[in-house]
Enquirer: 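Quick one: the structure is below, questions incoming.
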Amino acid sequence: MIDSTTLYDCIIVGGGIAGLQAALQLGRYSAHRVLVIDAGKGRSTFCQNYGNILGFPNGISGEELRRIGRQQAEPLGVEFHKDRILEAKKEGEHFLLKGAEGESYRSRTLLLATGLIDRFPRLPGLVETLGYSVYVCPDCDGYEIQDRKTVVLGAGEAGAQMALILSDRTDQLLYINHESKPFKPETMERLREHNIEYMESVVSQVHYEDNGIIRGVELEDGQMIDTERGFIAFGGNHVNSELAEQLGVETLHNHHVETDSRSKMSNVENVWVAGDLGAHSEQANIAMGEGAQAAIWINKTLVKMKREAEENSVHAH
């Protein structure tokens, strides 16, 4: 149980890749009391194999990366607590957060690393293949489908655009519009131009081998479509911007936050943003960089705060 009277120097909301890298960086300054509050689930917990992170040539799962990150940060004095923060507001000079069970938390500075949640149907076999042979990011994992037979599972324009992006990687593409959502006629024409097969059909199951390698998708009518790799693109991903908006942080039309490019601070003083909540490329390695960058500037701010407090104390006496 957290003592609600404790004033933290920094609270990091979100224990994913950005939040953990920030925690590690802040912990290494040794001067600050830091708390990471994490709900336990996020985009990184779904990815079972990041293949483009320096130092992991065979890939690493999001869960393992999170475990290692916490293992690195805890000996530095960083505290961790499981909760889902529902309310955030400024109270005087401090920030006040409230969790799902009613717990309260206070801090001098705040880093929001709340990320986003991908929208996709929970089809049998789909989660088991994510990161191994079914992907969400063409920049991270387009390499994995090079010249391979690939199925894009998606909805409407989002799925069609993903298929078009991937057409540079392979000429064996099938786009299955799982939700039969309409999309622009000119996009359909472009699919034809790129020789991308198209069908509207509900997928009932993803078939895969024990190592997470997709072998095919089964349609609602029982038809089997063989494939070597897959991508998903359903659109409508949910950006977890609620806390940012409660604090008066300005968001873009898509609910991402544009931060100061140097410090990663938002338009609200002493509120920083890192990772997929921010307007960036939505990659784990970039989230790491943003977490470290934000932490460096949080440290600068905290050092300044403490120096000013000491000076004021001296003058008061």
Side-chain angles (χ1 to χ4, degrees), residues 1-38 65-83 85 88-99 103-115 243-244 247 249 257 259-275 277-278 285-317:
M1 194 79 171
I2 295 286
D3 184 350
S4 62
T5 62
T6 301
L7 177 62
Y8 288 91
D9 292 310
C10 181
I11 289 179
I12 299 169
V13 185
I17 310 305
L20 284 169
Q21 185 66 63
L24 180 60
Q25 183 73 32
L26 278 172
R28 289 171 63 86
Y29 290 115
S30 305
H32 313 307
R33 188 156 191 193
V34 179
L35 174 66
V36 178
I37 303 175
D38 183 45
L65 206 51
R66 287 165 70 109
R67 187 189 67 77
I68 292 171
R70 181 166 176 165
Q71 198 174 56
Q72 279 184 272
E74 281 181 329
L76 301 170
V78 176
E79 298 173 50
F80 287 82
H81 188 63
K82 187 172 181 178
D83 198 357
I85 301 301
K89 66 179 179 179
K90 188 86 184 281
E91 202 171 68
E93 293 299 304
H94 304 143
F95 296 98
L96 178 66
L97 307 178
K98 287 196 176 174
E103 285 190 76
S104 296
Y105 314 87
R106 292 191 309 136
S107 70
R108 291 185 170 89
T109 63
L110 201 57
L111 172 59
L112 300 178
T114 47
L243 298 178
L247 289 162
V249 172
V257 176
T259 56
D260 180 86
S261 60
R262 192 174 180 207
S263 69
K264 311 315 295 179
M265 192 191 282
S266 72
N267 64 294
V268 175
E269 190 177 11
N270 299 333
V271 177
W272 282 262
V273 167
L277 171 60
N285 40 24
I286 293 176
M288 283 185 199
E290 290 189 349
Q293 196 174 354
I296 288 167
W297 285 86
I298 291 169
N299 171 64
K300 290 178 190 289
T301 299
L302 288 171
V303 168
K304 185 181 176 186
M305 279 182 183
K306 288 174 182 179
R307 186 168 59 241
E308 289 174 351
E310 288 168 3
E311 289 171 357
N312 291 338
S313 177
V314 169
H315 293 148
H317 290 88

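FYI, the numbering just counts along the sequence from 1. In what follows, every heavy atom counts, from backbone to side chain, and hydrogens, waters and symmetry copies are set aside.
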Enquirer: Which value, rounded to the nearest 0.5 Å, describes the distance between R66 atom CZ and L20 atom CG?
Expert: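 R66 CZ to L20 CG: 6.5 Å, rounded to 0.5 Å.
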
Enquirer: Calculate, to the nearest 0.5 Å, the distance between atoms CG and CG belonging to L243 and L110 respectively.
Expert: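 Spacing of CG (L243) from CG (L110) equals 8.0 Å.
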
Enquirer: To the nearest 0.5 Å, tell me how far L76 CG sits from Q25 CD.
Expert: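 With rounding to 0.5 Å, CG (L76) is 10.5 Å from CD (Q25).
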
Enquirer: Could you tell me whether the side chain of E290 and the main chain of K264 form a donor-acceptor pair under 3.5 Å?
Expert: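 Judged by distance alone, no pair lies under 3.5 Å.
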
Enquirer: Nearest 0.5 Å, what's the NE2-OH distance between H32 and Y8?
Expert: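 Taking NE2 in H32 and OH in Y8, the distance rounds to 15.5 Å.
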
Enquirer: Counting only pairs under 3.5 Å, give me each side-chain donor-acceptor contact of residues 9-18, with atom names and distances, residues two or more places apart or in other chains.
Expert:
{"residue": "D9", "atom": "OD1", "partner": "R108", "partner atom": "NH1", "Å": "2.8"}
{"residue": "D9", "atom": "OD2", "partner": "R33", "partner atom": "N", "Å": "2.7"}
{"residue": "D9", "atom": "OD2", "partner": "K306", "partner atom": "NZ", "Å": "3.4"}

Enquirer: Run the numbers on E74 and F80 for side-chain contact (heavy atoms from CB on, under 4.5 Å), then give the verdict.
Expert: CA-CA 8 Å; E74 281 181 329; F80 287 82; 3.7 Å; yes

Enquirer: Specify the closest pair of heavy atoms between K90 and G92, including all atoms of both residues, with the distance to one decimal.
Expert: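 Result for this residue pair: CE-O, 3.5 Å.
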
Enquirer: Please walk me through it: do L302 and Y29 pass side-chain contact (heavy atoms from CB on, under 4.5 Å)?
Expert: CA-CA 11 Å; L302 288 171; Y29 290 115; over 6 Å; no

Enquirer: Main chain of I85, side chain of E103: is a donor-acceptor contact present, judged purely on distance under 3.5 Å?
Expert: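 Not a single qualifying donor-acceptor pair exists.
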
Enquirer: CG of L35 to CG of L26: how many Å apart, nearest 0.5 Å?
Expert: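 Going from the CG atom of L35 to the CG atom of L26 covers 12.0 Å.
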
Enquirer: Restricting to non-hydrogen atoms, name the atom on E269 and the atom on F95 that form the minimum distance, rounded to 0.1 Å.
Expert: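 Heavy atoms of E269 and F95 come nearest at O-CZ, 3.6 Å.
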
Enquirer: Would Q293 and T259 satisfy side-chain contact (heavy atoms from CB on, under 4.5 Å), going step by step from the backbone distance to the final call?
Expert: CA-CA 12 Å; Q293 196 174 354; T259 56; over 6 Å; no

Enquirer: Check for a donor-acceptor pair, side chain of S266 on one end and backbone N or O of V271 on the other, with a separation under 3.5 Å.
Expert: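 Yes; judged by distance alone, with no hydrogens or angles, the pair exists.
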
Enquirer: Could you tell me which non-hydrogen atom of V36 sits nearest to which non-hydrogen atom of A23, and how far apart they are?
Expert: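 Scanning both residues completely, I find the closest heavy atoms to be CG2-CB, 3.7 Å.
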
Enquirer: Start with the C-alpha gap between K98 and S104, add the side-chain angles, then the distance that decides, and say whether side-chain hydrogen bond (donor to acceptor under 3.5 Å, both in side chains) holds.
Expert: CA-CA 5 Å; K98 287 196 176 174; S104 296; 4.9 Å; no

Enquirer: Could you grab the distance from atom CG of L247 to atom CG of N270, nearest 0.5 Å is fine?
Expert: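 Here the rounded value is 11.5 Å.
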
Enquirer: Give a yes or no on whether the backbone of E308 and the side-chain of N312 come within a donor-acceptor separation of less than 3.5 Å.
Expert: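 Between the backbone of E308 and the side chain of N312 there is a qualifying donor-acceptor contact (under 3.5 Å).
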
Enquirer: Tell me, with the steps shown, if L111 and W297 meet side-chain contact (heavy atoms from CB on, under 4.5 Å).
Expert: CA-CA 11 Å; L111 172 59; W297 285 86; over 6 Å; no

Enquirer: Closest approach of S263 and D260, non-hydrogen atoms and distance?
Expert: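 What the structure gives for the nearest pair is N-OD2, 2.9 Å.
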
Enquirer: Considering only heavy atoms from C-beta outward, does the side chain of M265 approach that of I298 to under 4.5 Å?
Expert: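 No, their side chains stay 4.5 Å or more apart.
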
Enquirer: Is E93 atom CD crowded by more than 12 heavy atoms from other residues, nucleotides or ligands, each under 6.0 Å away?
Expert: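 Open.
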
Enquirer: Taking only residues two or more places apart in sequence, or in another chain, which ones meet R28 in a salt bridge (Lys or Arg N to Asp or Glu O under 4.0 Å)?
Expert: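 Residues passing salt bridge (Lys or Arg N to Asp or Glu O under 4.0 Å) with R28: none at all.
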
